[in-house]
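Let me begin by presenting the structure, written as C-alpha cells, before commenting on it.
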Amino acid sequence: MNDVSDNEYRQVRIGKLDRLAEAGIRAYPERFERSHDLAGARELPEGTEGVAVAGRIMTARVMGKLTFMTLQDQSGRMQVSVRQDDVGPEAYKVVKKLIDIGDFLGLRGKVYLTKTGEKTVAASSFELLGKTLRPLPEKWAGVQDQETCYRQRYLDLTMNRQSMDRFLLRSRLIRVMRRFLEENDFVEVETPVLSVKASGAAARPFASHHNALDMEVFLRIAPETYLKRCIVGGFDRVFEFARCFRNEGMDPSHLQDFTMLEYYAAYWNYEDNMDFTERLVQQVLEELFGTLQIEIGGETIDFSGSWPRVSFRELILGDCGIDIDQHPDADSLRAAIRAAGIQLEDVDKLGRGNLIDQLYKKVSRPKLVRPTFLTRHPIDLSPLARRNDDQPEVSDRFQLVIKGWEVVNAYSELVDPLDQRRRLETQASLKAGGDEDAMDMDEDYLLAMEHGMPPISGWGMGIDRFCALITNQANLRDVVLFPLMKPND
RNA sequence: GGGGGCAUAGCUCAGUAGGUAGAGCAACUCCCUUUUAAGGAGUGGGUCGCAGGUUCGAGUCCUGCUGCCCUCACCA
C-alpha cells in the first residue's frame, strides 16, 4: 500500500506532472472562484451561463472529441462535459492525456441538458486544481475493507457517501446541542485536559510527563470537577464538549479517546434535569430527522412524550424478583442472586453496589429499548452524587438508557464538602486495597467545595455513543473520523 | 486476556482436489462529438500479510507472528 518505489500509477502520474510543467500548467494552483457548489449548480435552470464549479473527478467518459466527467464536492456530484470545439485542441489534449480520475478540476461554462436529460455544465474553460498521484478506489464498489476505511478515512469519505453523511450529521448534532444549551443560558467553557490529578470518574488515566515542571501529569478522564469549580466561581450554567481519555480496554462501545458533553446547572435537581434532557434530545432529533420515531437496529424507537422513570429497585424487582431493599449487605444480596439462579462473574469479590450494578446489567439493561430514565443508584456507585434525603443508601441520580446503551449519566451533585471528603476517603481506601478504578482523594477539589456551592445538577452524555445510536452504527469507530489504530507495517 | 473469522494486482473479488496466479474496474497505446458501471481493439501490472515447516511441488496443508473484524471477559 505504501510502497513508493515501484508503483505504476505513481510513476505514470509523476510523468504527467513533468508534461504539465512543460505545457506551462500548474498542477497545484492556489485558488479557484466557485459560483456554486455542485448541488447548487444542479438546481440551476438549463441555459444558465457563467457557472463556475469545482470538485474531484470521480468518473470520466472520454469519447473522442467530447469528454464527460462526474465531479464530486461536499454537497454531492454533478456531470460536466468538455468539448474539443469549445476549449480548443491544446486544452482538450490536457483533458485526455494529463488529467486523471481523482484529480481536482475547476470548470466554467453553461448549464445544459444532455440527450438523456442529465443536467451538465459544458466547459468553456477549465483548470486543473490538484493532481493526484494515487488512483481512487474502484468506482462502483468503493472501499469495502473496514481497516482501510479507518486507516485512510479520506478514501472512505470520498468513495462512500453514507460515511460522509454520517460525519456531516455528527457535526450537525453537535451544532444543534450547542445552540440548544446556549438558548437555555448555558455558557461554553474550556477546562484542562492535562492536570495533576485525573478526577471526576472511576477510570484509569493516561499518564504523561511535563518536562519543564518535571512532574507527572494525567489526561483528563472527565471534566466534572473543573466544571463544578466554575459553578463555585459564579457561573450559573456551564457546558463543555470535552475530549476525555481513559486507559482501559477498547471494544465496539468503548474508545480510549472519546467526547463527552457535560453541563452543570445551579439550582436544579436531577428531576429538573430529566425534564431538560427530554427537551434536549427531542429537539435534536426533530432538527436532525424531522421526527421522533427513529429506526435503530431494525426497530422503530419512539422518543416522543415523557419517558419512563424507574428506580434501580423497581427495575430489578420486576425483572428477576429480587428486592434490593431487602438485602442491605453484600452477603445477603449474593445469596439472593444465587438462589435465583443468576450467574454473575466474580460474584464473591463484588461489594453490594457493584453486585446491584452487575445484576442490572445482566437482567435489566438489555430489555431497556425505549428511552428510559433509570434512577436512584446505590450510593457507593456514585461517589460524586448527592445522597437522597429520604433514603440515604441511594443517590439522586439518573441514567438515560436507550436500546441497552447508557447514553446519559446525571445527578443532583454532592455539594456538602464534608460528605464529599468522607466519600473520597472511602474511594481512596478502596484504591489502596487494590481497586485500580476507584477514585483518588482530591484535596484541590475539596478546597473549592469548601468555599461553597449552590444546589447543582450535572449531566454527561457520551457524544460518540449517542451519535452511533442515532446513526445506527454498532461500532463507535464508525462515528469517529480517525480512530486510533496500531501500525500495520 | 479467551474463542471465532479475515488478509490474493491501486480497488472490488475469484482461485476447484496441493501442480509456476485470474476477472471487472483502474492504468498504458489506439478508435470514437451526448456518455453516465460509455463502447471497441490491444498492452503492462502480483515479495498471494510476515517467518518457518511438510512436500518432487504450497495462494492452497501445518506452526509461529503481525494487523483488522466479531464475540466473551474487563471497563464509563
Side-chain angles (χ1 to χ4, degrees), chain A residues 1-3 6-13 15-16 58-71 77-86 92 96-97 100-102 112-120 122 132-152 155-156 158-160 200-205 221-222 224 244-256 258 260 262 344-346 349 354 357-358 361 381-382 399 405-409 435-437 439 460-462 464-465 474-478 483 485-489:
Chain A
M1 176 170 61
N2 293 314
D3 187 0
D6 60 350
N7 186 293
E8 174 195 352
Y9 292 86
R10 199 164 177 279
Q11 296 306 324
V12 166
R13 291 181 189 204
K16 288 178 181 181
M58 300 305 292
T59 63
R61 295 167 290 285
V62 182
M63 297 180 304
K65 298 183 179 61
L66 169 67
T67 294
F68 290 98
M69 289 175 280
T70 304
L71 298 188
R77 293 185 173 198
M78 184 180 191
Q79 177 169 273
V80 298
S81 65
V82 182
R83 240 170 27 147
Q84 180 171 292
D85 289 352
D86 293 336
Y92 191 74
K96 276 182 78 166
K97 297 292 179 186
D100 288 296
I101 290 170
Y112 74 112
L113 280 183
T114 64
K115 276 184 182 170
T116 50
E118 177 89 12
K119 189 82 66 84
T120 303
T132 171
L133 299 184
R134 305 267 184 173
L136 236 37
E138 206 264 337
K139 64 185 169 191
W140 208 236
V143 185
Q144 296 294 322
D145 181 53
Q146 200 156 18
E147 188 173 351
T148 305
C149 289
Y150 294 152
R151 289 187 193 276
Q152 295 179 276
L155 293 180
D156 178 40
T158 300
M159 301 309 299
N160 300 322
R204 257 165 277 183
I221 55 177
E224 172 152 352
C244 299
F245 308 86
R246 297 186 183 179
N247 205 347
E248 295 178 339
M250 52 193 302
D251 63 46
S253 63
H254 296 82
L255 298 180
Q256 60 289 308
F258 61 101
M260 289 232 293
E262 287 198 3
L344 298 181
E345 294 286 326
D346 292 330
K349 296 185 202 161
N354 280 314
D357 193 46
Q358 289 298 316
K361 284 176 179 168
L381 287 178
S382 317
Q399 286 178 302
W405 293 31
E406 288 158 2
V407 168
V408 170
N409 183 25
D435 183 348
E436 290 190 62
D437 292 327
M439 292 180 61
M461 171 188 271
D464 312 274
R465 281 191 186 174
N475 191 326
L476 292 187
R477 290 173 171 221
D478 293 314
M485 304 287 275
K486 284 180 143 183
N488 65 351
D489 49 349

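Convention: sequence-line order gives letters A, B, ...; per-chain numbering from 1. Because the structure is a prediction, the values reported are computed rather than measured.
- Taking only distance into account, the side chain of A:D145 never meets the base of B:U12 through a donor-acceptor pair shorter than 3.5 Å.
- One P atom belongs to B:U29, the other to B:C65, and the distance between them is 48 Å to the nearest Å.
- Picking from B:U33, B:C70, B:C68 the nucleotide with the shortest atom distance to the side chain of A:L66 gives B:U33.
- For A:T114 and B:U35, a side-chain-to-base donor-acceptor distance below 3.5 Å is present, hydrogens and geometry of angles not being considered.
- When both pairing distances are held under 3.5 Å, B:C68 makes a Watson-Crick or G-U pair with B:G5.
- Shown here, B:G18 forms no base pair; nothing in the strands shown gives a Watson-Crick or G-U wobble contact with both key distances under 3.5 Å.
- Counting only heavy atoms from C-beta outward, the side chains of A:L71 and A:M58 never approach each other to under 4.5 Å.
- Between A:R61 and the phosphate of B:A38, there is a side-chain N or O to OP1/OP2 separation shorter than 4.0 Å.
- One N or O donor and one acceptor, one from the side chain of A:Q79 and one from the base of B:U35, sit under 3.5 Å apart.
- Across every strand in view, B:A26 sits unpaired, with no contact that passes the Watson-Crick or G-U test at under 3.5 angstrom.
- Of the candidates B:C32, B:C11, B:C75, B:C11 carries the atom nearest the A:P137 side chain, counting heavy atoms from C-beta on.
- In the set B:A38, B:U12, B:C30, the nucleotide with an atom closest to the side chain of A:K139 is B:A38.
- Listed nucleotides: B:U12, B:C68, B:U33. Nearest to the side chain of A:K65: B:U33.
- As the counterpart of B:U54, no nucleotide is assigned, since no Watson-Crick or G-U wobble pattern has both distances under 3.5 Å.
- Pair assignment for B:U34: none, as no Watson-Crick or G-U wobble contacts are both less than 3.5 Å.
- Of all nucleotides listed (B:U35, B:C70, B:C28), B:C28 comes nearest to the side chain of A:K16.
- From A:T70, atom OG1 reaches atom CD of A:E118 across 7.0 Å, with rounding to the nearest 0.5 Å.
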